[in-house]
Structures are given as structure tokens and as C-alpha cells.
K.L.:
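Supplied in C-alpha cells, the structure appears directly below.
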Amino acid sequence: MDSSKNIFEVNLDSSENILEVNLDSSENILEVNLDSSKNILEVNLDSSENILEVKNLSHVYKGSVRGIKDISFALKPGEFVIVAGQNGSGKSTLFRHLNGLMRPQSGEVLIHGKAVIKDISYARQKVGMIFQDADCQIVGETVYDDVAFGPENLNLPRHEIEKRVEDILTRLNMWHLKDQTPATLSGGEKRRLAIAGILAMNPEVIVMDEPFSNLDYPGTLDLLSLIQSLHESGQTLLIATHDIEKVIYYATRMIIIHEGRLAADDKPDKLLKTVEKFGIREPCASKLGSSKAILPWHS
Amino acid sequence: MAQLNPLLYRFGTSVLFNLDVRCKVASVCLMSIAVAQADFTALAFITSLLFIFLHISGLTLSELAHDLRYFFVFLGVIFIVRSIVTPGTSNLFTFFIPGITVSMEGIIDGAKICWRFMAVMIMGTLFSATIRPSDLKGAVEWFLKPLPFIPEKRAGVMVSLFIRFLPLILQKAGEVSDARKARCVHLQKSPFKRMAGVGIPVLEKIFRSADTLAAAMESRCYSDERREKPFHPSGNEPYFYTISIVILIITVIY
């Protein structure tokens with residue numbers, strides 16, 4: 001059922017005996033998951049407001065035409081959004097506004113209705129940011145110290161910090177690396193560590209700026225599986241990339257930024273054929289006319 | 001994977017790594033004063049002690065020598081200058097320019113000063129390789145807290161960031177140097193142009209990295225009011241205090 005405002009989706013995956021029902025109106029999300037193998041019925045009705053809202057955001061650098069102009073969009077819990085655009089389109093500038101690293105020249109960013117610039121600590125706790133260069137983001141002398149850095153800044157009790165670090169490192173399969181110096185880690189492990197450092201702060205939204213840059217094939221696969229598991233666990237994700245092929249299969253929505261403006265905002269499959277006019281490479285499967293236009297990057 | 005340099009902290013479990021950071025700071029201060037006063041016998045004793053600690057901490061002399069190779073040039077210059085300018089009774093030889101004479105006293109004085117510098121460098125390397133900058137921040141705050149009018153938290157951040165950036169500076173300098181070698185910098189004859197060619201890009205890279213690091217720290221809610229790590233005395237601290245004080249007394253008296 002797809003009326004102008006309501007979307008009703010039913011997916012029955014007989015191979016795994018999983019029934020999923022999603023009702024997505026403009027404000028309400030109903031999820032019903034029936035897993036007969038475990039005899040579990042889960043019903044989630046989420047009528048909560050947007051986690052993050054960007055309203056008419058503009059920021060142009062002095063002496064340059066580059067920046068972002070009049071960008072507006074909102075993010076709901078559990079969404080996986082790709083922010084695509086060619087280099088210099090304004091993706092990083094947009095992301096730096098989401099947790100108050102940059103201040104808007106006009107417009108505003110709201111987190112749960114609260115303006116970022118009015119409570120920057122709240123914004124930084126709710127929106128975790130992974131930078132393009134993992135080397136410069138890692139501040140701890142060991143893997144353990146780096147993950148503990150965020151919770152220590154939040155002034156949590158010591159036992160809570162230790163618990164969070166252990167939980168996150170175990171979840172990300174990095175506990176055996178806890179005493180390693182970050183400089184000795186591989187590119188994929190560094191990126192994983194950067195994500196662990198953010199997860200330890202319990203953010204509601206994770207923002208990743210070009211997470212696949214400088215990663216080799218195993219590193220990319222490693223990161224992809226982590227992103228996939230984060231999404232499956234209900235984490236809201238916002239990923240900036242100029243290479244959409246790697247993540248488009250998992251994304252629920254795609255926003256295209258072109259010359260600082262929001263050029264398109266829709267489901268990924270609906271935008272696939274238009275991306276090249278914005279300087280973004282169309283995924284191979286779509287280009288070669290596969291019957292399934294969106295395929296996973298690695299099968 | 002980056003190559004580790006000796007100034008970079010590495011995880012370890014030996015005696016120096018487990019020592020309470022306040023004891024490490026105090027011992028380094030006392031030993032530095034002792035080194036500044038030491039003659040050859042005391043220097044030999046202190047250097048032997050430092051070599052033992054280097055070995056225990058997993059640092060090798062060869063990697064230390066490699067990373068301090070430019071420092072040896074600096075020591076060489078100091079040695080030559082001290083040999084020439086120190087007046088002495090037993091002149092070994094005189095240069096063509098009248099008045100420039102190398103004396104035995106000058107050579108001894110130059111060697112002693114260079115040795116002292118070397119001992120301080122080894123001590124500094126041991127210090128930075130076995131101490132976490134975040135722990136050092138706590139120690140600096142602890143020492144400065146009783147002093148009035150000093151913002152101890154700010155001072156702690158400054159010291160810890162400086163220690164954190166030392167290895168980064170060496171790493172960036174290495175990268176720029178390699179990039180220049182790959183583009184035949186050896187054909188450039190002027191040493192000043194060669195130095196400027198390395199220095200300016202290194203500074204630019206360091207400032208850019210510092211900027212990114214600051215943004216990353218900010219985005220993870222960094223502030224002065226954060227939960228610091230508690231100090232963990234290992235039980236060996238009294239021995240280190242005793243050794244440092246005894247060495248200091250002996251070098252000052254004799």
C-alpha cells in the first residue's frame with residue numbers, strides 16, 4: 001500500500017522464517033518482526049520526532065564560493081543515509097555543523113528539537129563524528145586509552161568507563177588489541193578504532209566522512225561489515241562519500257549535495273540514474289543494466 | 001602500518017612502565033640536575049644505568065641512534081666549538097688562522113658536555129617511551145595544584161600535547177624528507193634552500209594535523225573537567241627516589 005503519505009511494506013523471507021512489516025507514514029513507523037525460528041514476535045511503534053533536523057543551513061567560506069547553501073533535511077531514528085557528492089561539494093562542511101565544530105552563518109541544526117549551538121556538549125554526545133583521516137582522530141596512546149577518551153570527557157564514573165570500553169572493544173572484536181599502540185594498527189583497524197571511540201559515547205547518530213578513503217580491499221570489507229551490523233542494530237547512520245557503490249545496497253535514503261546545495265533527497269534506487277550528472281559514479285550493476293540495479297559491493 | 005619511533009609511547013609491563021608517573025617525573029628532574037653536575041665517572045655510572053633501563057624497556061641502541069642521527073650533528077658542532085674556545089695549557093694543534101687552537105682541556109670539556117647532552121637525550125627518550133601523555137597531564141596537574149595563580153589543568157594539557165606531538169613532528173619530517181629525496185633533492189646544492197624546503201612543508205603539515213587533532217578532541221567533548229585516570233603506585237617508587245637522590249648528592253658533593 002502506498003498512498004501519498006503512507007507506505008506499507010511486507011517482506012516475507014521464507015529462507016529464514018522472518019516476517020517484517022513496516023508502516024512508514026510521515027511521522028510514524030511501525031515495525032513488526034516475527035522470527036519463528038526463535039518464536040519471537042517483536043512489535044515496535046516509533047512515533048518519536050526527528051533525531052536531527054537541518055533547517056536552511058548556509059555557510060560560505062570567506063573569499064571563496066565554496067561552502068553550503070540553504071540545506072534542509074531531517075533524520076529519523078534508524079535511517080541509513082548516504083550523503084553523496086563530488087569532492088568540494090560541501091559534504092564535510094555540512095557534517096562539521098552537525099555537532100557544532102562549525103557554526104552556521106544562517107539556518108540552524110536541531111537535535112531532538114534543541115539547537116546545536118545552544119548546547120554543544122549535548123550535540124557532540126548525540127552526534128558522533130568519524131573523520132576522514134583516522135590517524136588524526138586517534139588521540140589515545142593505546143587502543144584502550146583511545147576508546148576511553150570520550151567517556152572520560154563525559155566525566156563518567158571510572159567503573160562505567162571501564163565497562164563501556166570493554167563492551168565496545170569486545171563487540172567490535174578488538175579486545176585482543178587493547179594494549180596496542182594505534183600507530184601499529186592497519187588502516188581498517190584504525191577506522192574500526194575510530195568508530196569504537198565514538199560508540200563508547202553512546203551517540204544516537206553516527207556521522208562518517210568518507211570512511212572508505214585510503215582503505216584497501218580487506219579494510220573496506222571489514223568496515224562494510226561493521227557498518228552493516230551497526231545499521232542492523234538500529235543505529236542511525238549518515239555517511240558522506242563520493243563512491244556510493246560500496247554502501248548503496250544498505251542505505252535507506254540518499255541525499256545528493258552539488259555545489260553546496262541539496263540537489264536530491266530520495267530512496268537510493270530512485271536516484272541511481274541521475275547521479276552522474278552530479279559528478280558521482282553510477283554503480284556498475286546499475287550501469288550495466290542488471291535486473292537488480294542495486295547489488296552488494298561484495299557478495 | 002607506521003614505523004614506531006623511540007619517542008612514541010609503547011605499551012609495556014617492565015618496571016619503568018609500571019612506575020607511578022609522579023615518581024618518574026621527579027626522578028627525571030633529579031637525575032637531570034645530577035647529569036648537569038656530573039664528571040666522567042658519574043656520567044659513566046648514570047649512562048650505564050640508562051642503558052640498563054633502555055634494554056629493560058625494549059628499546060634498542062641501534063634504533064635510538066638512527067632516530068637521533070641529526071642530534072649527533074648538533075653534538076659534533078658543540079664538541080668542535082668547545083674544543084676551540086676552551087682555553088688550555090696543553091695545545092694539541094693550531095689552525096692556519098692565528099688564535100684558533102685546539103687544547104686537551106677543550107677536548108675534555110667538549111666530550112663532557114656532549115656526553116651530558118647525550119645522557120639527557122636518552123633519559124628523555126626513556127621518559128617519553130614509557131609514559132602516556134595523558135598520565136603526564138595528571139602528574140603535571142598534581143605538581144602544580146598547590147601553586148597559586150597557575151592554571152594547572154591548562155598547563156597539564158599543554159605539556160601532554162607537546163609530548164604527544166614530538167613523535168608526530170619526527171614522522172612528518174621523515175615523510176617530507178622521503179618525498180623530497182624521491183624528487184632528487186640531492187641535486188640542490190644550497191643547504192639553506194634544502195633546509196627551507198623541508199622545514200616549511202613540515203611546519204605546514206604539523207599545523208594542519210594539530211588542527212584536525214583539536215577538532216577530533218573537541219568533537220569527543222574534550223574539556224578541562226574530564227575524568228582523569230587515578231595514579232597507580234607500583235611499590236618500586238621508594239627505590240627510584242632513593243637512587244635519584246643518592247646520585248644527585250654524590251655528583252653535587254664530588
Side-chain angles (χ1 to χ4, degrees), chain A residues 92 95-96 98-102 120-158 160-162 177-187 189-190 194 197-198 200-201 203 207, chain B residues 1-13 17 21 58 128-138 153 157 160-161 163-168 170-172 174-175 205-232:
Chain A
S92 299
F95 278 14
R96 283 177 170 247
L98 301 184
N99 69 353
L101 288 175
M102 286 179 85
I120 284 181
S121 298
Y122 176 79
R124 287 177 183 162
Q125 201 182 334
K126 294 290 174 191
V127 180
M129 180 145 172
I130 317 285
F131 289 75
Q132 193 170 343
D133 184 359
D135 275 319
C136 289
Q137 176 165 16
I138 295 168
V139 294
E141 296 81 32
T142 63
V143 167
Y144 189 98
D145 289 345
D146 191 70
V147 179
F149 180 79
E152 280 170 355
N153 292 337
L154 297 178
N155 234 335
L156 298 175
R158 181 54 55 185
E160 173 65 18
I161 295 171
E162 285 166 4
L177 300 172
K178 70 181 167 67
D179 294 325
Q180 287 241 30
T181 305
T184 62
L185 301 179
S186 69
E189 286 169 338
K190 280 181 189 169
I198 293 300
M201 296 173 76
V207 174
Chain B
M1 189 178 104
Q3 189 191 347
L4 283 178
N5 67 54
L7 293 176
L8 194 68
Y9 170 80
R10 74 261 324 262
F11 179 79
T13 52
F17 286 96
V21 64
S128 63
T130 60
I131 199 167
R132 288 177 163 93
S134 53
D135 291 344
L136 180 62
K137 178 180 172 291
K153 287 185 186 294
V157 172
S160 72
L161 282 181
I163 296 282
R164 199 190 297 273
F165 265 97
L166 270 178
L168 190 75
L170 288 178
Q171 188 192 327
K172 296 291 174 196
E175 283 172 12
K205 273 175 179 281
I206 289 166
F207 286 133
R208 206 174 292 161
S209 300
D211 209 31
T212 315
L213 181 69
M217 288 169 76
E218 248 186 278
S219 77
R220 287 165 80 183
C221 302
Y222 185 81
S223 74
D224 286 347
E225 300 306 322
R226 66 194 298 272
R227 175 83 53 197
E228 298 299 350
K229 281 184 191 158
F231 296 112
H232 289 294

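All figures in this text were calculated on a predicted structure; none of them were measured in a lab. By convention in this document, chain letters (A, B, ...) are assigned in the order of the sequence lines, proteins followed by strands, and residues within each chain are numbered from 1.
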K.L.:
Among the options A:Ile138, A:Leu156, A:Ile120, pick out the one with the most heavy-atom pairs lying under 4.5 Å from chain B.
P.N.:
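Max contact count across the listed options: A:Leu156.
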
K.L.:
Working to the nearest 0.5 angstrom, can you tell me the gap between A:Leu154 CG and B:Arg227 CZ?
P.N.:
11.0 Å

K.L.:
Grab the two heavy atoms, one from B:Cys221 and one from A:Ser121, that are nearest each other, plus how far apart they are.
P.N.:
SG-O, 3.9 Å

K.L.:
With a 4.5 angstrom heavy-atom cut-off, which part of A:Ile161 approaches chain B: side chain, backbone, both or neither?
P.N.:
side chain

K.L.:
Step by step, would you call B:Thr212 with A:Gln132 a side-chain contact (heavy atoms from CB on, under 4.5 Å)?
P.N.:
CA-CA 10 Å; B:Thr212 315; A:Gln132 193 170 343; over 6 Å; no

K.L.:
Answer with side chain, backbone, both or neither: which region of A:Phe149 has an atom nearer than 4.5 Å to a non-hydrogen atom of chain B?
P.N.:
both

K.L.:
For the backbone of A:Glu152 and the side chain of B:Arg226, can you confirm whether one donor and one acceptor N or O come within less than 3.5 Å of each other?
P.N.:
no

K.L.:
Surrounding NZ of B:Lys229 (heavy atoms of other residues, nucleotides or ligands, distance under 6.0 Å), is the total greater than 12?
P.N.:
yes

K.L.:
Which answer fits A:Thr142, side chain, backbone, both or neither, if we ask what part of it has an atom under 4.5 Å from a heavy atom of chain B?
P.N.:
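Just its side chain gets close to chain B.
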
K.L.:
Quick one: CD1 on A:Ile130 to OG on B:Ser219, what's the gap to the nearest 0.5 Å?
P.N.:
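A:Ile130 atom CD1 to B:Ser219 atom OG measures 8.5 Å (nearest 0.5 Å).
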
K.L.:
Step by step, would you call B:Arg220 with A:Val139 a side-chain contact (heavy atoms from CB on, under 4.5 Å)?
P.N.:
CA-CA 10 Å; B:Arg220 287 165 80 183; A:Val139 294; 4.1 Å; yes

K.L.:
From A:Arg96 CZ over to B:Glu218 CD, what is the distance, rounded to the nearest 0.5 angstrom?
P.N.:
9.5 Å

K.L.:
Quick check for you: among B:Ser209, B:Gly12, B:Ala215, B:Ser223, which has the greatest number of heavy-atom pairs under 4.5 Å with chain A?
P.N.:
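Looking at each of B:Ser209, B:Gly12, B:Ala215, B:Ser223 in turn, B:Ala215 comes out on top.
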
K.L.:
If I take atom CG from residue A:Asn153 and atom CE from residue B:Met217, how far apart are they, to the nearest 0.5 angstrom?
P.N.:
7.5 Å

K.L.:
Could you check whether any side-chain N or O of A:Arg158 sits under 3.5 Å from a backbone N or O of B:Glu228, counting only pairs where one atom can act as donor and the other as acceptor?
P.N.:
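Yes; judged by distance alone, with no hydrogens or angles, the pair exists.
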
K.L.:
At a 4.5 Å cut-off on heavy atoms, which part of A:Asn99 comes close to chain B: side chain, backbone, both, or neither?
P.N.:
side chain

K.L.:
Picking from A:Val127, A:Asp145, A:Asp133, which has the most non-hydrogen pairs under 4.5 angstrom with chain B?
P.N.:
A:Asp145

